[in-house]
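I have placed the structure first, in the form of structure tokens, so that the comments after it can refer back to it.
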Amino acid sequence: MSQQGSQPAWIGTGKVRAREVGEAVEITIDGLTTQAKYYKPLVYEFMRKEWSSRPSWGDYVVEITMEHIGDPPLLDLDNLAKALLDAIKGYLFHDDAQVARLVVERREGERERITIRSYPRKGSPSQGWTATDL
């Protein structure tokens, strides 16, 4: 999926785009709304139609960033996170119970968008450590 000598290519041309960067998957959604439920079908349909990689097992880290211009929208970040996790499960990982670390933040940015970054958690049992390593 990557282009020689440059950043990996984005998949998709509409409001939702994604790319693989090493073991991480980055998804961007252009625009903001105060309705978290808007994002679930939007991202789900993108993943269903455009995404070709298979989900994996093991622990995952998911980082969700909502960027806004001016005053932040009145949107509960926990509702946003749940809607987005529901949309990507089955595509990046099998179940959102695999999310071992979740970071959700909003901040002022250059444009209004949401970015999701998901990658395998290093040191998870699927990567070879055991409880005695803690």
Side-chain angles (χ1 to χ4, degrees):
M1 267 195 209
S2 66
Q3 297 172 341
Q4 196 76 323
S6 64
Q7 286 286 332
W10 288 97
I11 298 167
T13 57
K15 286 179 104 28
V16 182
R17 297 179 302 134
R19 67 180 176 181
E20 290 184 79
V21 181
E23 291 185 310
V25 173
E26 295 176 354
I27 301 169
T28 63
I29 307 156
D30 289 332
L32 293 178
T33 178
T34 58
Q35 299 294 313
K37 64 184 179 184
Y38 164 81
Y39 296 106
K40 183 177 178 178
L42 183 70
V43 175
Y44 174 81
E45 282 301 308
F46 169 83
M47 298 303 286
R48 187 178 71 78
K49 292 177 180 176
E50 303 283 342
W51 196 250
S52 60
S53 295
R54 307 288 294 162
S56 298
W57 291 105
D59 288 346
Y60 273 78
V61 175
V62 177
E63 301 165 350
I64 300 171
T65 305
M66 179 179 71
E67 293 180 60
H68 60 88
I69 298 172
D71 292 335
L74 298 173
L75 175 65
D76 291 341
L77 292 180
D78 59 326
N79 293 337
L80 175 66
K82 183 62 178 158
L84 294 173
L85 289 174
D86 284 347
I88 63 176
K89 75 178 176 188
Y91 295 98
L92 303 185
F93 39 79
H94 292 278
D95 190 276
D96 54 6
Q98 292 175 251
V99 177
R101 183 169 188 263
L102 175 63
V103 179
V104 186
E105 70 174 335
R106 74 171 171 242
R107 65 177 180 227
E108 198 150 343
E110 295 177 9
R111 64 182 189 193
E112 295 190 330
R113 68 178 164 195
I114 294 172
T115 304
I116 307 164
R117 189 165 184 269
S118 176
Y119 52 92
R121 184 176 184 182
K122 298 294 180 200
S124 70
S126 65
Q127 303 209 336
W129 66 262
T130 64
T132 58
D133 293 331
L134 296 177

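These numbers were taken from a predicted model, which means no experiment stands behind them.
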So Glu50 and Glu45, side-chain contact (heavy atoms from CB on, under 4.5 Å) or not? Walk me through it. CA-CA 8 Å; Glu50 303 283 342; Glu45 282 301 308; over 6 Å; no
Strictly distance-based, threshold 3.5 Å: is any side-chain N or O of [X] a donor or acceptor partner for the main-chain N or O of [Y]?
X	Y	answer
Lys15	Asp30	yes
Glu67	Thr115	no
Asp76	Asp78	no

Once ring pair (Phe, Tyr, Trp, His ring centres under 6.0 Å) is applied, do any residues pair with Phe46, and if so which ones, sequence neighbours excluded?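 Counting only residues at least two positions away or on another chain, Phe46 forms no ring pair (Phe, Tyr, Trp, His ring centres under 6.0 Å).
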Residues sharing Val61's hydrophobic cluster, by side-chain heavy-atom contacts under 4.5 Å among ILVMFWY, directly or via others?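 Cluster partners of Val61: Tyr119.
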Might you point out which heavy atoms bring [X] and [Y] nearest each other, and give the distance in Å?
X	Y	value
Val99	Phe93	CG2-CZ, 3.8 Å
Arg117	Glu26	NE-OE2, 3.7 Å
Ala9	Arg19	O-CB, 3.3 Å
Val25	Glu20	CG2-CG, 4.1 Å
Leu75	Ala36	CD1-N, 3.6 Å
Ala100	Arg121	CB-NH1, 3.2 Å

Could you give the distance from [atom1] ([X]) to [atom2] ([Y]), rounded to the nearest 0.5 Å?
X	Y	atom1	atom2	answer
Tyr38	Leu80	OH	CG	12.5 Å
Tyr39	Ile114	OH	CD1	4.0 Å
His94	Tyr60	NE2	OH	8.0 Å
Ile116	Leu84	CD1	CG	4.0 Å
Arg17	Ile29	CZ	CD1	11.5 Å
Ile64	Ile88	CD1	CD1	6.5 Å

Quick check: is Leu102 connected to Met66 through a chain of hydrophobic side chains (ILVMFWY, heavy atoms under 4.5 Å apart)? yes
Hydrophobic clustering (ILVMFWY, side-chain heavy atoms < 4.5 Å, transitive) - are Leu77 and Ile69 grouped together?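 Different clusters: Ile69 never reaches Leu77 through Ile, Leu, Val, Met, Phe, Trp or Tyr contacts under 4.5 Å.
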Answer yes when Lys122 and Glu23 have at least one side-chain N-carboxylate O distance shorter than 4.0 Å, and no when they do not.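 Salt bridge between Lys122 and Glu23, a charged N being under 4.0 Å from a carboxylate O: yes.
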Residues Lys82 and Asp86 bridged, charged N to O under 4.0 Å: yes
For Arg54, check side chain to side chain donor-acceptor pair (under 3.5 Å) against everything at least two apart and list the hits. none
Using a 6.0 Å cut-off, check whether atom CD of Glu108 has over 12 heavy atoms from anything other than its own residue. yes
Taking atom OH of Tyr44 as the centre, report whether more than 12 heavy atoms of other residues, nucleotides or ligands fall under 6.0 Å from it.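 It does not: Tyr44 OH has 12 such atoms or fewer within range.
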